[in-house]
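Written out below as structure tokens is the structure these notes cover.
Residues: numbered from 1 along the sequence shown. No experiment lies behind these values; they were computed from the predicted model shown.
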Amino acid sequence: MAKKILFINQEITPYVPDSELSLMGKALPQAIQEKGYEIRTFMPKWGNINERRGQLHEVQRLSGMNLIINDTDHPLIIKVATIQNTRVQVYFIDNDDYFSKRQMIVNEAGEDYPDNDERTIFFARGVLETVNKLRWAPDIIHCQGWMSAVIPLYIKTAYHEEPSFANTKVVTSLFPKTLNKDLGENFKKCLEFRDANAPLLKKYNDNFDFEELGKLAIDYSDGIIEANQHIDENLLKYAEEKGLPVLKYAGEDFADAYESFYDQICQE
């Protein structure tokens, strides 16, 4: 039976401008799907996404759930589209307050949104709740971009008893820094959910910056991929010191290397 891979991406072209993250967000799922794997792909429904041009439409049967973040209910809206000239279907996590009326990570003035902490948690839990609702059990979850950095923690703690994720392995790709400020002192409190509790988060700095998010992702991942030649050396060293399998930068012809790495992770 074909392995199931869940890709959780911060950006995917053509829905957002081309960047290293968005280009890989499209290229990787497409390449792995063409190798015969069953895939699902998620990203935030950033406010700069043109829904008409991208042909997004709401999936009513998956929408309608409320997620409590920072003691407030936030409706979860799921939209879907297919990348033109591919068979790759993309699910979008949407919410009026967090995504629809915003740009991406930064506002029009180029400043990080002050509630990026809540946005990343809403995105992570929105993806996992939706996959649960789909009754789809991935063999591997592959996270790309800091917006997915809390996924490994949640998979190994808050969602570890869910049938969809009971046997799931998590792979995190490391990219260069794309977060200017830290996520603020309220992030840890907002992050707590089920078994993802305060004692587990005690070892981390109170203010999560890009590097601290990377360490969190590494601590709960089963494998790490060096997705760029210019990754923070501290994070690579951190992963290697933990004894995790690390796939070194594979260049532009990456598909075979990633497939072999998935096989290695599934066998461990």
Side-chain angles (χ1 to χ4, degrees), residues 4-12 15-16 25 29 38-83 87-105 113 115-138 141-145 147-166 168 170 186-187 189-196:
K4 298 176 181 177
I5 315 285
L6 170 61
F7 294 100
I8 305 179
N9 301 285
Q10 184 167 311
E11 303 173 18
I12 301 175
Y15 302 109
V16 298
E38 186 179 333
I39 71 160
R40 295 284 188 277
T41 306
F42 282 79
M43 72 174 288
K45 211 295 288 178
W46 302 113
N48 59 341
I49 292 174
N50 186 314
E51 294 194 36
R52 184 182 56 79
R53 190 182 304 144
Q55 299 183 332
L56 277 67
H57 62 271
E58 186 174 347
V59 186
Q60 297 286 350
R61 68 187 176 89
L62 297 176
S63 298
M65 199 183 314
N66 274 18
L67 303 181
I68 300 173
I69 312 288
N70 202 15
D71 300 325
T72 305
D73 274 2
H74 298 277
L76 174 62
I77 301 164
I78 307 298
K79 294 174 180 173
V80 71
T82 300
I83 300 177
R87 293 183 297 112
V88 176
Q89 193 177 59
V90 180
Y91 290 89
F92 297 84
I93 299 295
D94 199 6
N95 171 270
D96 286 347
D97 295 326
Y98 286 142
F99 296 112
S100 292
K101 300 168 184 174
R102 310 282 194 91
Q103 298 298 307
M104 294 169 66
I105 306 302
Y113 284 107
D115 62 350
N116 274 342
D117 58 338
E118 295 184 26
R119 298 170 87 207
T120 189
I121 293 166
F122 181 88
F123 173 60
R125 285 180 49 197
V127 171
L128 298 180
E129 294 292 349
T130 303
V131 173
N132 239 347
K133 221 169 181 179
L134 287 168
R135 298 179 184 274
W136 191 74
I141 293 177
H142 191 153
C143 302
Q144 300 197 98
M147 280 290 292
S148 62
V150 304
I151 293 283
L153 167 72
Y154 280 155
I155 287 294
K156 300 300 174 72
T157 60
Y159 288 83
H160 70 108
E161 291 184 345
E162 299 283 356
S164 294
F165 306 116
T168 299
V170 184
N186 203 38
F187 178 65
K189 177 180 176 292
C190 294
L191 189 55
E192 290 180 44
F193 179 62
R194 296 179 181 166
D195 292 345

Sequence-distant partners of Glu162, salt bridge (charged side-chain N to carboxylate O under 4.0 Å, His left out), two or more places apart: Arg194
Pair Glu118, Tyr113: side-chain N/O donor-acceptor within cut-off below 3.5 Å: no
Residue pairs involving residues 44-53 (criterion salt bridge (charged side-chain N to carboxylate O under 4.0 Å, His left out); sequence neighbours excluded): Lys45-Glu51, Glu51-Lys79
Residues forming a side-chain contact (heavy atoms from CB on, under 4.5 Å) with Thr168, sequence neighbours excluded: Pro138, Ile141, Phe165
Separation between CG of Leu128 and CD1 of Ile8, rounded to the nearest 0.5 Å: 5.5 Å
Gap between atom CD of Glu11 and atom CE of Met43 - 0.5 Å precision: 7.0 Å
Within 6.0 angstrom of Gln55 CD, more than 12 heavy atoms from elsewhere: no
Check: Trp46 main-chain N/O paired with Arg102 side-chain donor or acceptor under 3.5 Å: no
Test ring-ring contact (aromatic ring centres under 6.0 Å, His included) applied to Tyr154 - qualifying residues, sequence neighbours left out: none
Close side-chain approach of Asp96 and Lys101, heavy atoms under 4.5 Å: yes
Side chain Ser63, main chain Ile78, donor-acceptor under 3.5 Å: yes
Rounded distance [0.5 Å steps], CD1 in Ile155 versus OG in Ser164: 9.0 Å
Residues which pass salt bridge (charged side-chain N to carboxylate O under 4.0 Å, His left out) with Arg119, listed by chain and number, not counting sequence neighbours: none
Atom pair CD1 (Ile121) and CE (Met147), whose distance is rounded to the nearest 0.5 Å: 10.0 Å
Distance-only side-chain donor-acceptor flag, Gln103 / Asn48, under 3.5 Å: no
Check: Thr130 and Leu76 side chains under 4.5 Å, non-hydrogen atoms: yes
Of all pairs that satisfy salt bridge (charged side-chain N to carboxylate O under 4.0 Å, His left out), the ones with a partner from residues 54-74, not counting sequence neighbours: Asp71-Lys189
Centroid-centroid under 6.0 Å between Phe99 and Phe92 rings: no
Close side-chain approach of Leu134 to Tyr91, heavy-atom, < 4.5 Å: yes
Heavy-atom side-chain contact between Tyr15 and Ile83 under 4.5 Å: yes
Side-chain heavy atoms of Val131 within contact of Arg40, under 4.5 Å: no
Heavy-atom check, side chain of Phe193 versus side chain of Thr157, under 4.5 Å: no
Step-by-step side chain to side chain contact (heavy atoms under 4.5 Å, CB included) determination, Asp97 to Phe122: CA-CA 11 Å; Asp97 295 326; Phe122 181 88; over 6 Å; no
Donor-acceptor contact present, side-chain Thr120 to main-chain Asn116, <3.5 Å: no
Contact check, side chains of Glu38 and Ile5, non-hydrogen atoms, under 4.5 Å: no
Side-chain heavy-atom pair Phe7, Val88 within 4.5 angstrom cut-off: no
